[in-house]
Amino acid sequence: MNALQSTFYEVVQASKKGSGHFSAEAGEKLIRSVLPELLRSYLKESFYEITGELKQELPIITIQPTSQQLLMAQYIYSEDGERLYLVVRTKEDSSDQKEALRYLLPDEDPYKEEEAFIGNTAIAQRIEQSIITFRPYYMASLPDDQVLQKELTGVLNLIQQLHYASSKEGSVSVRETIEHIHTYIENKGFFYLKEEIASVYFSLQSKPFLLLSGISGTGKTKLAELFAESLGATEENGQFLLLPVKPDWTDSGDLLGYTNLQDEFKKGPFFLFLERAHKQLDRPFFLVLDEMNLSRVEYYLSEFLSVLETRKRGGDELKTASLLPLGEGMTIPENVYVIGTINMDETTHRISPKVIDRANTLEFNRIYLEAFFEGEKVVNPLHAHNLLKSTYVSLKEAMEHKTLIQETVQELIKVNEILYQAGFQITYRTRDDLCFYMIYALQSGLFTFDQAYDFQLLQKIIPRLEGQDGSIGEVLKDLYHYCTNTVLDEQIETAVIQADGMRFPRTAKKLMEMIRRYERDGFASFWFSS
């Protein structure tokens, strides 16, 4: 049944016959009551305010997201009654604001360069000045309700994208962005905890190099792909590149390129990817190295790992040294993020301290078999500016957060005293990256200090611990005591971890796994579960 389609027709039929204007009396109930109620039933969402009005006899239905007040969707008839427009408008009739927002429209928007024609009256022309984009329908061939509903959902998602993209840097709601990413991934049928998605976000924001570890089949590669896709980075637009690592990669030639016998530099896939990223610095670019430890990471990724540490601020941009002496002096732009997926089995290599020290490591071993997607809601990706852009590359730049930095460093000093007995001391690099993560996480309002610090202990400190001598066992137990204020007794295999009351429960759980493995096998490692 096409109730919405037929009601749109009825509005035209209620117009003053032959005059090209609409009658307030004949169309008032349809505009003010019937159509808004129909749209509410189709959207089935409570966070839209839907109203109808006759503005100088011009019928307008407004769908206003309650979360922000800059933009709105409207159904507006042309004054001659021949066309119906679904438009995105600013609340202010401003041509300057219109052009600024049009610049942020995704490239695939079919009407980003077009103009809607409402009519010749002053009110119609004022409305036209504030239309950012639109979807036109001819009353002689109005689509059915299914198409109308799909296009309305798309326009409302577009409003959300423009809201993010038009926000000034630093004032973007990170909480809303992370909720969007989580919802987007969930609506693709993959399930991760929201705090895990948040930690991926803060990790990439603090350092554009991330490791996703865990048993095969837990969706590590899919998480990286969908995270990128939710922010508008896809293979189709060149902002996403998935490279399966091969066991015979022994240098950077397969990634960055090489010089042939004719002394010509042949660009590799990563080099070409970096070239594209340099041309669109306002958009994020994601490289995913799938099963990255099938070869030794420090061999084929050595230039990237070294150059990553040369990041410094040059004006408003973060710049690095050149990756290669050849290849036109290619650098790593600040909008490039590298994510590696890691499986640990007999076919793979261990991850060296050089690699671990330069990344956050997120482990995914939990599988939610009971979770599957049941809805039909479409969530579009954000085509916004680079929301992951790092604000700081040195602690000196972050002194506005001096109190938080001092609190974090005091905790790290306690941890360092424990690590010292086995030679796993925290480096300056680790300290700085960890502090940046804490700043971003606490600014978002999503994590408390202890929650954020728990993630960082688990992602930055614990992955470095590995060994088989007696000192590693003592370090693990002392760290467990630090996290829980509980001394482990002799019954380690049957000890129960109670998260309630523990200061850092995530880290404590992983430490317990490592301690049990050490007690059983005489060897401790983050990379192998008990």
Side-chain angles (χ1 to χ4, degrees), residues 170 174 195 198-211 305 308-313 318 353-362 388-466 471-472 474-486 502-508 510-511 514 526:
V174 173
E195 53 264 37
S199 197
V200 170
Y201 188 96
F202 302 135
S203 297
L204 289 171
Q205 200 174 15
S206 58
K207 193 68 161 288
F209 182 40
L210 177 67
L211 305 179
L305 295 174
L308 191 62
E309 300 310 309
T310 68
R311 293 195 307 164
K312 61 182 179 181
R313 192 165 301 284
L318 300 183
K354 178 179 179 179
V355 177
I356 295 171
D357 200 39
R358 286 163 169 78
N360 269 278
T361 301
L362 275 77
L388 288 165
K389 184 176 180 179
S390 298
T391 306
Y392 312 108
V393 289
S394 71
L395 287 187
K396 183 178 179 181
E397 295 176 340
M399 279 301 103
E400 60 187 300
H401 303 284
K402 185 177 180 180
T403 301
L404 173 57
I405 292 171
Q406 288 176 332
E407 185 179 357
T408 303
V409 170
Q410 288 304 310
E411 291 294 338
L412 289 177
I413 290 172
K414 299 175 188 176
V415 172
N416 220 27
E417 291 174 353
I418 298 171
L419 298 176
Y420 183 79
Q421 56 188 307
F424 291 107
Q425 298 95 312
I426 296 167
T427 65
Y428 295 122
R429 179 191 298 119
T430 300
R431 177 201 64 187
D432 293 0
D433 292 347
L434 195 149
C435 285
F436 298 150
Y437 180 104
M438 295 295 292
I439 292 169
Y440 298 134
L442 268 66
Q443 276 183 325
S444 74
L446 287 168
F447 290 162
T448 65
F449 179 94
D450 283 1
Q451 288 169 338
Y453 188 71
D454 191 8
F455 267 109
Q456 280 299 272
L457 284 173
L458 185 59
Q459 295 171 193
K460 291 291 288 184
I461 307 299
I462 306 303
R464 303 162 70 248
L465 305 182
E466 186 174 281
S471 61
I472 187 69
E474 291 304 313
V475 165
L476 293 175
K477 291 178 181 179
D478 288 349
L479 284 173
Y480 185 86
H481 179 263
Y482 168 77
C483 290
T484 65
N485 201 30
T486 301
M502 286 188 179
R503 194 175 175 198
F504 307 120
R506 290 177 180 274
T507 307
K510 184 64 182 180
L511 286 168
M514 295 171 68
F526 172 89

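Because the structure is predicted, anything quoted here is derived from the model rather than measured.
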**Student:** For Leu395 versus Phe436, what's the shortest heavy-atom pair and its separation?
**Tutor:**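 So the two residues come closest at CD2-CE2, 3.7 Å.
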**Student:** Do the side chains of Gln443 and Val174 get nearer than 4.5 Å, heavy atoms only?
**Tutor:**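 No, their side chains stay 4.5 Å or more apart.
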**Student:** Give a yes or no on whether Lys354 atom NZ has more than 12 heavy-atom contacts from other residues, nucleotides or ligands under 6.0 Å away.
**Tutor:**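 Enclosed.
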**Student:** Of the non-hydrogen atoms in Tyr480 and Leu511, which two are nearest, and what is the gap between them?
**Tutor:**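 That would be N-CD1, 3.7 Å.
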**Student:** Would you indicate whether the side-chain heavy atoms of Lys460 and Asn360 approach each other to under 4.5 Å?
**Tutor:**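 Yes. Closest side-chain heavy atoms under 4.5 Å.
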**Student:** Quick one, Val409 and Ile413 - any side-chain contact, counting heavy atoms below 4.5 Å?
**Tutor:**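 SC-SC contact between Val409 and Ile413 confirmed.
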**Student:** I want to check something: taking the side chain as every heavy atom from C-beta on, are Ile461 and Gln456 in contact at a cut-off of under 4.5 Å?
**Tutor:**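 The answer is no, as the side chains (C-beta and beyond) never meet within the 4.5 Å cut-off.
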**Student:** Quick check for you: to the nearest 0.5 Å, what is the distance between Gln451 atom CD and Glu195 atom CD?
**Tutor:**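 If I round to the nearest 0.5 Å, the distance is 8.0 Å.
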**Student:** Quick one: CD on Glu407 to CG on Leu442, what's the gap to the nearest 0.5 Å?
**Tutor:**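 Glu407 CD to Leu442 CG: 8.5 Å, rounded to 0.5 Å.
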**Student:** Please name the pair of heavy atoms, one in Ile472 and one in Glu466, separated by the smallest distance, quoted to 0.1 Å.
**Tutor:**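 Answer, listing the atom of Ile472 first, then Glu466: CD1-N, 4.0 Å.
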**Student:** Please report the shortest heavy-atom distance between Ser390 and Arg313, naming the atom on each side.
**Tutor:**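 Closest pair (atom of Ser390, atom of Arg313, distance): O-NH2, 4.2 Å.
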**Student:** I'd like to check Leu457 versus Glu411 (side-chain heavy atoms, cut-off strictly below 4.5 Å). Are they in contact?
**Tutor:**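 They are not in side-chain contact.
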**Student:** Are the side chain of Thr484 and the backbone N or O of Met502 linked by a donor-acceptor pair below 3.5 Å?
**Tutor:**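 Absent.
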**Student:** Search all heavy atoms of Leu458 against all heavy atoms of Thr507 and return the closest pair with its distance.
**Tutor:**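 Heavy-atom minimum between the residues: N-OG1, 3.6 Å.
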**Student:** Atom NE2 in His481, atom OG1 in Thr486: separation rounded to 0.5 Å?
**Tutor:**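 Separation between the atoms: 7.0 Å.
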**Student:** State, yes or no, whether a side-chain contact exists between Tyr453 and Leu434 at a heavy-atom distance under 4.5 Å.
**Tutor:**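 Answer yes - side chains close enough.
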**Student:** Glu400 versus Tyr392: any side-chain heavy-atom pair under 4.5 Å?
**Tutor:**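 A side-chain contact under 4.5 Å exists here.
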**Student:** Side chains of Asp433 and Ser206: do they bring a donor and an acceptor to under 3.5 Å?
**Tutor:**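 There is no such pair between these side chains.
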**Student:** When rounded to the nearest 0.5 angstrom, what distance separates CG in Leu308 from OG1 in Thr310?
**Tutor:**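 Result: 8.0 Å between the selected atoms.
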**Student:** Run the side-chain contact (heavy atoms from CB on, under 4.5 Å) check on Arg429 and Asp357 step by step: do they pass?
**Tutor:** CA-CA 8 Å; Arg429 179 191 298 119; Asp357 200 39; 2.5 Å; yes
**Student:** Distance only, no hydrogens: is a donor on one side chain within 3.5 Å (strictly under) of an acceptor on the other, for Asp432 and Ser394?
**Tutor:**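 Absent: no donor and acceptor within the cut-off.
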**Student:** Report the C-alpha separation of Tyr440 and Tyr201 in whole Å, then their side-chain angles, then the decisive distance to 0.1 Å, and conclude whether the ring pair (Phe, Tyr, Trp, His ring centres under 6.0 Å) test is met.
**Tutor:** CA-CA 9 Å; Tyr440 298 134; Tyr201 188 96; 8.8 Å; no
**Student:** Assess the pair Tyr437 and Phe455: is the distance between their ring centroids shorter than 6.0 Å?
**Tutor:**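 Tyr437 vs Phe455: aromatic centres not under 6.0 Å.
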**Student:** How many angstroms lie between atom CG of Asp454 and atom CD of Gln459, to the nearest 0.5 angstrom?
**Tutor:**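 Reported to 0.5 Å precision, the distance equals 9.5 Å.
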**Student:** Sequence neighbours excluded and cut-off under 3.5 Å, please list the side-chain donor-acceptor pairs for residues 414-421, or say none.
**Tutor:**
| from | atom 1 | to | atom 2 | distance (Å) |
| --- | --- | --- | --- | --- |
| Asn416 | OD1 | Ile426 | N | 2.6 |
| Gln421 | NE2 | Ile418 | O | 3.0 |
| Gln421 | NE2 | Asp478 | OD2 | 3.1 |

**Student:** Applying side-chain contact (heavy atoms from CB on, under 4.5 Å), name anything that partners Pro463, two or more places apart in sequence or on another chain.
**Tutor:**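 Pro463: side-chain contact (heavy atoms from CB on, under 4.5 Å) contacts with Ile356, Thr361, Phe526, Trp527.
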**Student:** Quick one: does Val355's side chain get under 4.5 Å of Phe209's, heavy atoms only?
**Tutor:**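 Side chain of Val355 against side chain of Phe209, heavy atoms only: contact under 4.5 Å found.
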**Student:** Are Lys207 and Glu309 within salt-bridge range, i.e. N to O under 4.0 Å?
**Tutor:**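 A salt bridge links Lys207 with Glu309.
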**Student:** Got a second to check how far Met438's CE is from Leu412's CG, nearest 0.5 Å?
**Tutor:**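 Here the interatomic distance stands at 8.5 Å.
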**Student:** Report the residues that fulfil side-chain contact (heavy atoms from CB on, under 4.5 Å) with Lys402, sequence neighbours left out, ordered by chain and then residue number.
**Tutor:**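 With sequence neighbours excluded, Lys402 shows a side-chain contact (heavy atoms from CB on, under 4.5 Å) to Met399, Gln406, given in chain and number order.
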